[in-house]
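In this chain, residues are counted from 1 in sequence order.
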Amino acid sequence: MNGSILISGGNKESREKKIISIVNKEEEKNFEEIQELENKPDIFNIKLEKGEKSIGISKIREGINFLREKPLSYKKKFLIIQNSEKMTVQSQNSLLKTLEEPPSKSIIILSARNHNFILDTIVSRCRLINIKEDEKEYRKDSKNPSLKEIIKMDLGKRLDLCSEISKEEKEDVIDILEDWIREGREDMLKNPKNISLLENISKIIEIKNDLENSNVNLRLSLEALLLNLS
């Protein structure tokens, strides 16, 4: 497989597992964690760094130049762009030609929570992989409690959970919130008259939007949410 791939849907963990599975299949490896792909001579991994709000054009150009070199120890070279929805418009435009005509023996893998936040010209040049159908399987392995479990918790346990989750990166917390939103919507389909479910979903969406679009305090936002779920 040569070319360009865009992975969307699911959560961060499921997208990372899909990236790993592609690399493992192409190179006959047995990587299990995304961190294992770091510092490999034939893998260039771009992601949103802590404190950054976007992926700039200089990093993308660095990745493009990396692909022009011949593989050193693998059969192919891999350019991986996580959080690809965070690329600036200039960054995305700089990648277009390379996506359309990737260098020989190279694979470009983009991943994003939602490909609707990426330019259509980028999406149209990639083979799309939507992992939404695998979400339930990945959720089984999640270390985070489900929405149902949280509602059953007393206030003390909810505060403890806020403390734990607030240690995560903002992007990871947003993925957790999206899991709860999906779970809530699934339950709504089964219980459409449950007003509490609808109210919980609305509260989670509100906090998620705040985290995505402003610099609100992460822990305080989680406490405001979890203490008011019913």
Side-chain angles (χ1 to χ4, degrees), residues 1-49 52-135 137-138 171-172 174-175 178:
M1 178 196 299
N2 284 350
S4 309
I5 302 167
L6 172 56
I7 301 167
S8 66
N11 55 28
K12 181 183 177 183
E13 182 183 4
S14 63
R15 293 190 297 272
E16 288 179 352
K17 286 187 176 182
K18 184 62 71 175
I19 292 170
I20 294 167
S21 70
I22 293 171
V23 175
N24 283 342
K25 182 177 180 180
E26 291 297 322
E27 298 295 332
E28 299 179 351
K29 300 292 184 182
N30 294 297
F31 296 124
E32 296 182 357
E33 302 291 337
I34 196 72
Q35 290 80 8
E36 296 179 70
L37 305 184
E38 300 285 350
N39 302 316
K40 297 293 187 293
D42 292 316
I43 300 177
F44 194 88
N45 191 9
I46 298 175
K47 57 185 177 181
L48 192 68
E49 299 295 343
E52 294 181 343
K53 295 183 178 180
S54 62
I55 297 174
I57 192 171
S58 61
K59 201 69 175 177
I60 299 301
R61 284 175 174 168
E62 190 177 349
I64 292 171
N65 290 333
F66 164 83
L67 287 183
R68 291 173 180 155
E69 303 168 358
K70 292 182 178 180
L72 296 175
S73 57
Y74 290 176
K75 292 179 288 185
K76 297 177 181 177
K77 296 183 78 73
F78 297 83
L79 173 59
I80 299 169
I81 307 177
Q82 300 182 68
N83 317 109
S84 57
E85 72 274 18
K86 297 296 184 179
M87 288 190 292
T88 63
V89 173
Q90 292 82 0
S91 297
Q92 294 185 55
N93 283 327
S94 71
L95 190 60
L96 286 175
K97 185 175 180 181
T98 306
L99 286 173
E100 191 164 6
E101 300 177 4
S104 176
K105 296 183 179 180
S106 72
I107 296 179
I108 303 171
I109 306 173
L110 285 70
S111 74
R113 293 202 310 271
N114 190 329
H115 69 258
N116 292 326
F117 296 120
I118 300 175
L119 294 177
D120 290 342
T121 46
I122 292 282
V123 176
S124 65
R125 286 166 169 78
C126 297
R127 180 167 69 89
L128 300 181
I129 298 178
N130 190 303
I131 54 178
K132 183 171 285 188
E133 60 269 19
D134 296 329
E135 284 171 3
E137 289 301 315
Y138 287 118
E171 291 297 314
D172 295 334
I174 291 172
D175 277 334
E178 289 188 338

List the atom of Ile108, the atom of Leu99, and the distance in Å for their closest heavy-atom pair.
-> CG2-CD2, 3.8 Å

Do the side chain of Ser4 and the main chain of Cys126 share a donor and acceptor less than 3.5 angstrom apart?
-> no

Within the distance-only criterion (no hydrogens, no angle test), does the side chain of Ser124 pair as donor or acceptor with the backbone N or O of Asp120 below 3.5 angstrom?
-> yes

Qualifying residue for side chain to side chain contact (heavy atoms under 4.5 Å, CB included) with Gln82, from Ile7, Ile46, Asn45 = Asn45

Which heavy atom in Ser84 sits nearest to a heavy atom in Leu110, and how many Å separate them?
-> OG-CB, 3.8 Å

Counting distance only, does the side-chain N/O of Asn130 pair as donor-acceptor with the main-chain N or O of Gly9 below 3.5 Å?
-> no

Can you give each donor-acceptor pair under 3.5 Å made by side-chain atoms of residues 27-35, sequence neighbours left out, with the distance rounded to 0.1 Å?
residue : atom : partner : partner atom : Å
Glu27   : OE1  : Lys75   : N            : 3.0
Glu27   : OE2  : Lys75   : N            : 3.4
Glu27   : OE2  : Lys76   : N            : 3.0

Identify the two heavy atoms, one from Ile122 and one from Gln92, that lie closest to each other, and give their separation to 0.1 Å.
-> CD1-O, 3.3 Å

Return the set of residues passing side chain to side chain donor-acceptor pair (under 3.5 Å) with Arg113 (not counting sequence neighbours), or none when no residue passes.
-> Glu171, Glu178, Glu212

For residues 52-62, tabulate all N or O donor-acceptor pairs below 3.5 Å that involve a side-chain atom, not counting sequence neighbours.
residue : atom : partner : partner atom : Å
Glu52   : OE1  : Glu49   : N            : 3.4

Just checking, Lys77 and Phe44: is the charged tip under 6.0 Å from the six-membered ring centre and within 45° of the axis?
-> no

Taking only residues two or more places apart in sequence, or in another chain, which ones meet Asn116 in a side chain to side chain donor-acceptor pair (under 3.5 Å)?
-> Asn114

Could you tell me whether Glu101 and Lys97 make a salt bridge, using a distance below 4.0 angstrom between a side-chain N and a carboxylate O?
-> no

Looking at Phe78 and Leu67, what are the two nearest heavy atoms and their distance?
-> C-CD2, 4.3 Å

Donor-acceptor side-chain pairing of Asn11 and Ser14 below 3.5 angstrom | yes

Do other residues, nucleotides or ligands put more than 12 heavy atoms under 6.0 Å from Asn39 CG?
-> no

With sequence neighbours left out, the residues meeting salt bridge (charged side-chain N to carboxylate O under 4.0 Å, His left out) with Glu38 are Lys47

Give the intermediate values and the outcome of side-chain contact (heavy atoms from CB on, under 4.5 Å) for residues Ser111 and Ile81.
-> CA-CA 6 Å; Ser111 74; Ile81 307 177; over 6 Å; no

Residue set satisfying side chain to side chain donor-acceptor pair (under 3.5 Å) with Ser91, at least two apart, ordered chain then number -> Thr88

